[in-house]
Amino acid sequence: MVKVRVPGKVNLALAVGPVRADGYHELGTVFQAVSLFDELTALPAARGEFRLSLQGEGADVLPADEDNLAMRAARLLAAHATEEVGVAIQVRKRIPVAGGMAGGSADAAAALVACNELWQLGLSQPQLHDLARQLGADVPFLLHGGTAIGTDRGDRIESVAARGRCHWVLALSHHGLATPAVFREFDRTASPGPVVISPELLAALETGDVARVGGLLRNDLQEPAIRLLPALGEVLDEGRDAGALGALVSGSGPTAAFLCSDADQAAALGRRLVGIAEVREVQIVHGPVPGAQIIAEEVAHG
Ligand code: C5P
């Protein structure tokens with residue numbers, strides 16, 4: 001068996017450009033992988049057999065069949081095997097579903113890494129990245145991890161040499177937001193210009209000036225997400241009032257992310273946010289952390 005741990009992400013910057021011919025938006029984003037992890041275990045199965053089971057966050061609402069992105073990742077990779085393969089995948093989920101933290105994409109990235117190892121395919125990191133891009137715009141970053149710029153559809157990844165540790169409080173919502181719906185709301189109301197990633201933000205990340213990073217957080221999907229879920233605006237205000245260095249919606253939301261100066265401030269803010277009706281759960285995490293990684297492996301003998 002092969003066990004892989006994969007993080008969720010927040011976007012420190014998300015600049016949305018015009019819709020392209022393929023229906024996706026041109027993006028300029030800065031991702032950071034944070035320490036809220038899903039765990040995916042790939043177990044041997046009979047040739048041609050593909051099974052998936054889910055437990056934890058959203059296990060009751062997610063598809064556990066061919067529609068699941070982790071299953072699609074395993075199928076896509078299987079097409080690269082020289083002989084017929086099979087796998088039984090188990091996913092323990094902690095990343096919120098439809099929360100703007102790329103949980104489904106994370107599981108797909110984990111499935112690529114786990115099955116590549118289980119089936120001993122030996123695909124290189126660049127080959128896995130090519131497959132990741134076919135699965136979804138966020139999947140390549142979840143393979144990569146750390147702090148990185150994403151351009152094109154958000155799937156062309158370039159590392160940022162970020163220093164220091166970011167302490168985040170994540171406020172998970174009772175609600176989910178479907179990413180396409182948030183992009184549609186953006187299209188309805190915005191007139192996007194050229195996509196620019198703030199050079200000041202990149203400089204602040206490279207020098208580890210977390211306070212400055214907090215003031216430069218920006219997400220073009222934040223206003224559309226708040227229009228679809230107005231209570232989200234109040235959650236952000238509460239964190240700002242409490243003195244967070246920065247507050248923003250993660251990706252297409254509705255998870256709200258608050259950057260804090262240290263673990264103590266994060267703990268205090270977390271206690272304050274749990275009292276808000278819109279907040280289902282608070283997670284205190286840090287970033288950057290690595291992308292999808294093998295954490296345990298057992299080889300059957302006999
Ligand atoms: O690639 P993925 O399936 O994760 O994207 C989910 C949805 O988000 C897309 O179907 C699209 O509506 C929207 N999206 C977009 N432009 C991007 C990335 C995502 O419009 N660059």
Side-chain angles (χ1 to χ4, degrees), residues 6-33 38 40 57-58 61-63 65-76 91 93 95-112 128-145 148-158 175-197 218-225 227-229 248-255 291-292:
V6 66
K9 59 84 182 163
V10 295
N11 302 78
L12 313 188
L14 180 50
V16 182
V19 186
R20 313 168 352 151
D22 63 4
Y24 275 78
H25 293 74
E26 195 69 33
L27 291 190
T29 187
V30 179
F31 293 108
Q32 183 165 88
D38 281 0
L40 181 146
E57 268 287 321
V61 294
L62 285 171
D65 57 15
E66 298 294 330
D67 284 341
N68 189 291
L69 206 52
M71 185 70 108
R72 283 173 37 207
R75 291 276 190 194
L76 183 64
V91 187
K93 294 199 60 67
I95 306 169
V97 174
M101 294 189 66
S105 302
D107 298 343
L112 289 177
L128 291 181
H129 270 260
D130 282 346
L131 297 182
R133 293 186 81 184
Q134 295 173 40
L135 291 161
D138 286 335
V139 186
F141 173 69
L142 277 317
L143 280 181
H144 186 280
I149 294 172
T151 50
D152 215 340
R153 297 185 310 161
D155 55 354
R156 194 170 294 282
I157 305 298
E158 194 187 321
H175 303 95
L177 281 176
T179 304
V182 181
F183 273 102
R184 272 198 305 277
E185 181 65 15
F186 173 86
D187 291 337
R188 206 175 61 78
T189 48
S191 35
V195 163
V196 180
I197 297 173
R218 176 197 140 180
N219 178 0
D220 284 352
L221 294 180
Q222 179 157 308
E223 289 308 318
R227 272 197 301 278
L228 295 175
L229 188 57
L248 90 172
V249 167
S250 176
S252 55
T255 303

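Order of listing sets the numbers, starting from 1, for every ligand and every atom in it. Note: hydrogens, waters and symmetry copies are ignored here, and every other heavy atom, side chains too, is used. Computed from a prediction, not measured in an experiment: that's the story for all the values here.
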Q | Residue list, ring pair (Phe, Tyr, Trp, His ring centres under 6.0 Å) with H25, at least two apart or on another chain | A |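 Ring pair (Phe, Tyr, Trp, His ring centres under 6.0 Å) check on H25 returns F183.
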**Q.** Nearest heavy-atom neighbours spanning F141 and A33
**A.**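 Result for this residue pair: CZ-N, 3.5 Å.
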Q. Which heavy atom in I95 sits nearest to a heavy atom in E57, and how many Å separate them?
A.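 Taking every non-hydrogen atom into account, O-CB, 3.8 Å.
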Q) Considering residues at least two apart in sequence or located in another chain, which fulfil the salt bridge (charged side-chain N to carboxylate O under 4.0 Å, His left out) criterion with D152? A)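 Scan of D152 (salt bridge (charged side-chain N to carboxylate O under 4.0 Å, His left out), adjacent residues dropped) gives R20, R133, R156.
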**Q.** Sequence neighbours excluded, every pair satisfying side chain to side chain donor-acceptor pair (under 3.5 Å) that has a member inside residues 10-19
**A.**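 Of all non-adjacent pairs touching residues 10-19, those that pass side chain to side chain donor-acceptor pair (under 3.5 Å) are K9-N11, N11-T29.
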If you look at each N/O of ligand 1, which protein N/O atoms lie under 3.5 Å away, and at what distance?
residue: ligand 1; atom: 1 (O); partner: Y24; partner atom: OH; Å: 2.9
residue: ligand 1; atom: 1 (O); partner: A137; partner atom: N; Å: 2.8
residue: ligand 1; atom: 16 (N); partner: H25; partner atom: N; Å: 2.8
residue: ligand 1; atom: 20 (O); partner: H25; partner atom: ND1; Å: 2.7
residue: ligand 1; atom: 21 (N); partner: H25; partner atom: O; Å: 2.9
residue: ligand 1; atom: 21 (N); partner: R153; partner atom: O; Å: 2.9

Q) Is it true that a side-chain atom of S250 and a backbone atom of G100 form a donor plus acceptor pair closer than 3.5 Å? A)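 Yes.
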